[in-house]
Amino acid sequence: MIITIHTGATSEERAQLMTLICRITGSQRPITTTHIAGQEVIALDTNQVDGLALTALQQQQAVERLLPLKTSYQLVSRVFKAESSAIVIGETHGGSRVVIGGEADPVIMSGPCAIESREQLLSTAHAVKGAGARVLRGGAFKPRTSPYQFQGLGVEGLHLLAEAREETGLPVVTEVMEPAMVETIAEYADILQIGARNMQNFPLLLAAGRHSQKLPVLLKRGLSATIDEWLLAAEYIVAAGNPNVILCERGIRSYDPQTRNVLDLSCIPLLHELTHLPVIVDPSHATGRRELVPVMSRAAIAAEAEGLIIETHLDPNTALCDGRQSITPEQLAKIVEETRMLAHMMRGSTILAPVA
Ligand code: PEP
Ligand code: MN
């Protein structure tokens, strides 16, 4: 059940509505509103709203509209918001403005898996910019399977990302692994990445939803998450107050070790049916093999992904993390060009001018 709140509601009318909602939900959670497409909304599980509760809600002065959705996710649902959401990146920390989703051209994000040094990050940032990437990626806090593997440079990595943005103008995306670090990372990052291993870290989802800047959140699909679990994870962030969520398909676990994961391309058109949120694809983690990255990048754009996030390293064989799946800036430039042409062709457009 989505409740749209009247713009002209007085503070008493709002307070009365919040009290009623607390009563309906048994005060099981803090009541937070979210602004989506200029409307202030709040969502409840439709099953919680019986006939009496519905009548009480309908009588509230603060209520403009009630929309009883049958899906378990509400605010991220396409039934609630028919138009695709366009997420604006880069306006907070002085980087270039980039739009993902809506009618925007596909956006390519790229950079190293892990930030290894100042020299590595800055030269990679210039190289991926030269190749046509529009957002710089780089892990400062790395979720590694083994505690003995390189764990990232931590806060020093965040400083380096800010320096790379300053030099290149590219907005930056980096992973946040714990709720307590959300505000700190938001001081440096333009997009907060929530990794596959944390897709159902509910305190982290809530913190990303509530943080003061409401930066876009790149929510990666969990290692073996269903589409519904993924959308409900996105719903956590949106219901907590941050509507700026980008979904990222990065492959799901299967039985065949030939590829690191299995890239579920069919999830893209399916998600476009179910949700208004943009969907991007990570062909690097999905395949684990650099030779598969170009064709899977094209396949993702052909399946109407709104962007890609690709690991690039100046010397993939010496990378401290995920070198096997990292491509070079030259290979990235080719992918950018091919996917740009593909996207224009799919729109039936004859204009092939590079995206500024
Ligand atoms: C990453 O992007 O570096 C990463 C760890 O990805 P994932 O969470 O998809 O494994
Ligand atoms: Mn990686």
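Every heavy atom of this structure was used, including side-chain atoms; hydrogens, water molecules and symmetry mates were not. Keep in mind the model is a prediction, meaning the values are calculated, not measured. Numbering starts at 1 and runs along the sequence shown.
When all heavy atoms of Cys248 and Ile309 are compared, the closest pair comes out as SG-CG2, 3.8 Å. Heavy-atom minimum distance, Ile115 versus Gly157: CD1-O, 3.5 Å. Between Gln120 and Pro112, the shortest heavy-atom contact is NE2-CB, 3.3 Å. Heavy atoms only, all atoms of each residue included: Leu160 and Leu122 are closest at O-CD2, 4.4 Å. The nearest pair of heavy atoms linking Ala133 to Val336 is N-CG2, 4.4 Å. Counting all heavy atoms, side chain and backbone alike, Arg137 lies closest to Cys113 at NH2-O, 2.9 Å.
Judged purely by distance below 3.5 Å, without hydrogens or angles, the side chains of His276 and Ser85 pair a donor atom with an acceptor atom. With 3.5 Å as the limit, one finds no donor-acceptor pair spanning the side chains of Arg260 and Ser284. Between the side chains of Thr328 and Gln331, at least one donor-acceptor pair of N or O atoms lies under 3.5 Å. Using modelled atom types and a 3.5 Å distance limit, the side chains of Asp322 and His313 yield no donor-acceptor pair. Neither side chain, Ser77 nor Lys81, offers a donor N or O lying under 3.5 Å from an acceptor on the other. Between the side chains of Asp264 and Ser266, at least one donor-acceptor pair of N or O atoms lies under 3.5 Å.
Proximity of a side-chain donor or acceptor of Glu166 to a complementary backbone N or O of Ala162 within less than 3.5 Å is not detected. Checked by atom type and distance alone, the side chain of Arg253 never pairs as donor or acceptor with a backbone atom of Asn261 at under 3.5 Å. When atom types are taken as modelled, the side chain of Glu64 and the backbone of Thr4 share no donor-acceptor pair closer than 3.5 angstrom. Of the possible polar contacts, none joining the Thr33 side chain to the Val41 backbone as a donor-acceptor pair under 3.5 Å is found. Under a 3.5 Å cut-off, the side chain of Glu13 and the backbone N or O of Thr10 do form a donor-acceptor pair. With hydrogens and angles disregarded, a donor-acceptor distance shorter than 3.5 Å links the side chain of Gln151 to the backbone of Gln149. Between the side chain of Thr46 and the backbone N or O of Met1 there is at least one donor-acceptor pair closer than 3.5 Å. Here the side chain of Arg65 pairs no donor or acceptor atom with the backbone of Ile3 at under 3.5 angstrom. A donor-acceptor pair is defined here as one N or O able to donate and one able to accept, closer than 3.5 Å; such a pair exists between the side chain of His211 and the backbone of Ala208. Within the 3.5 Å criterion, the main-chain N or O of Gly152 finds no donor-acceptor partner in the side chain of Lys142.
For the pair Asn242/Thr34, no side-chain contact is recorded, criterion being any heavy-atom separation below 4.5 Å from C-beta on. Using a 4.5 Å heavy-atom cutoff, the side chains of Phe141 and Glu175 are not in contact. Taking 4.5 Å as the limit, some side-chain heavy atom of Ile268 sits within range of a side-chain heavy atom of Val281. Here the side chains of Ile100 and Met109 are in contact, with some heavy-atom distance below 4.5 Å. Between His344 and Arg340 the shortest side-chain heavy-atom distance falls below 4.5 Å. The shortest side-chain heavy-atom distance between Thr174 and Ile185 falls under the 4.5 Å cut-off. Between Gln61 and His6 there is no side-chain heavy-atom pair separated by less than 4.5 Å. Residues Ile191 and Val135 form a side-chain contact, since some pair of their non-hydrogen atoms from C-beta on lies under 4.5 Å apart.
Remark: Ser110 OG to Leu332 CG distance equals 4.5 Å, nearest 0.5 Å. Atom CD1 of Ile42 sits about 6.5 Å away from atom CG of Leu44, to the nearest 0.5 Å. Here the straight-line distance linking atom OG of Ser254 with atom CG of Leu263 works out to 12.5 Å at 0.5 Å rounding.
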Report task. Under the salt bridge (charged side-chain N to carboxylate O under 4.0 Å, His left out) rule, what do Glu337 and Lys334 come out as? Steps first, then yes or no, please. Result -> CA-CA 5 Å; Glu337 186 53 21; Lys334 197 153 178 274; over 6 Å; no
Query raised in the report: Going through the distances and angles, do Asp282 and Lys220 end up as a salt bridge (charged side-chain N to carboxylate O under 4.0 Å, His left out)?
Result: CA-CA 9 Å; Asp282 174 346; Lys220 292 190 131 193; 2.7 Å; yes
Report task. Would you please test Ser212 and Glu183 for side-chain hydrogen bond (donor to acceptor under 3.5 Å, both in side chains) and show each step? Result -> CA-CA 8 Å; Ser212 49; Glu183 289 288 354; 2.9 Å; yes
Query - Working for salt bridge (charged side-chain N to carboxylate O under 4.0 Å, His left out), residues Arg347 and Asp105 - result: CA-CA 10 Å; Arg347 279 187 188 167; Asp105 285 317; 3.1 Å; yes
Report task. Start with the C-alpha gap between Glu163 and Arg118, add the side-chain angles, then the distance that decides, and say whether salt bridge (charged side-chain N to carboxylate O under 4.0 Å, His left out) holds. Result -> CA-CA 9 Å; Glu163 193 178 345; Arg118 179 170 184 270; 2.4 Å; yes
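Hydrophobic clustering (ILVMFWY, side-chain heavy atoms < 4.5 Å, transitive): Val98 and Val245 are in distinct clusters.
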Run the side-chain donor-acceptor check on residues 228-241: report pairs under 3.5 Å with partners two or more places apart or on a different chain.
{"from": "Glu229", "atom 1": "OE1", "to": "Thr226", "atom 2": "N", "distance (Å)": "2.9"}
{"from": "Glu229", "atom 1": "OE1", "to": "Thr226", "atom 2": "OG1", "distance (Å)": "3.4"}
{"from": "Trp230", "atom 1": "NE1", "to": "Leu219", "atom 2": "O", "distance (Å)": "3.3"}
{"from": "Glu235", "atom 1": "OE1", "to": "Gln74", "atom 2": "N", "distance (Å)": "2.9"}
{"from": "Glu235", "atom 1": "OE1", "to": "Leu75", "atom 2": "N", "distance (Å)": "3.0"}
{"from": "Glu235", "atom 1": "OE1", "to": "Val76", "atom 2": "N", "distance (Å)": "3.1"}
{"from": "Glu235", "atom 1": "OE2", "to": "Gln74", "atom 2": "N", "distance (Å)": "3.1"}
{"from": "Glu235", "atom 1": "OE2", "to": "Leu75", "atom 2": "N", "distance (Å)": "2.8"}

For residues 290-304, please give each side-chain donor-acceptor pair under 3.5 Å, one per line with the distance, not counting sequence neighbours.
{"from": "Arg290", "atom 1": "NE", "to": "Ser326", "atom 2": "O", "distance (Å)": "3.1"}
{"from": "Arg290", "atom 1": "NH2", "to": "Asn317", "atom 2": "OD1", "distance (Å)": "3.1"}
{"from": "Arg290", "atom 1": "NH2", "to": "Gly323", "atom 2": "O", "distance (Å)": "3.0"}
{"from": "Glu291", "atom 1": "OE1", "to": "Arg324", "atom 2": "NH1", "distance (Å)": "3.0"}
{"from": "Glu291", "atom 1": "OE1", "to": "Arg324", "atom 2": "NH2", "distance (Å)": "3.4"}
{"from": "Glu291", "atom 1": "OE2", "to": "Arg289", "atom 2": "NH1", "distance (Å)": "3.1"}
{"from": "Glu291", "atom 1": "OE2", "to": "Arg324", "atom 2": "NH2", "distance (Å)": "3.0"}
{"from": "Ser297", "atom 1": "OG", "to": "Val293", "atom 2": "O", "distance (Å)": "2.7"}
{"from": "Arg298", "atom 1": "NH1", "to": "Glu338", "atom 2": "OE1", "distance (Å)": "3.1"}

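Contacts of Asn201 classified as side chain to side chain donor-acceptor pair (under 3.5 Å), with partners at least two apart in sequence or in another chain: Asn198. With sequence neighbours left out, His35 forms a side chain to side chain contact (heavy atoms under 4.5 Å, CB included) with Glu40. Here His159 pairs with Tyr188 under the ring pair (Phe, Tyr, Trp, His ring centres under 6.0 Å) rule; sequence neighbours left out. With sequence neighbours left out, the ring pair (Phe, Tyr, Trp, His ring centres under 6.0 Å) criterion links Tyr73 to no other residue.
The side-chain contact (heavy atoms from CB on, under 4.5 Å) test with Gln193 is passed by exactly one of Val173, Val176, Ile246, Val217: Val173. Just one residue in the list Glu311, Arg221, Arg250 forms a side-chain hydrogen bond (donor to acceptor under 3.5 Å, both in side chains) with His285, and that residue is Glu311.
The pair Asp190-Arg165 counts as a salt bridge, with a side-chain nitrogen and a carboxylate oxygen less than 4.0 angstrom apart.
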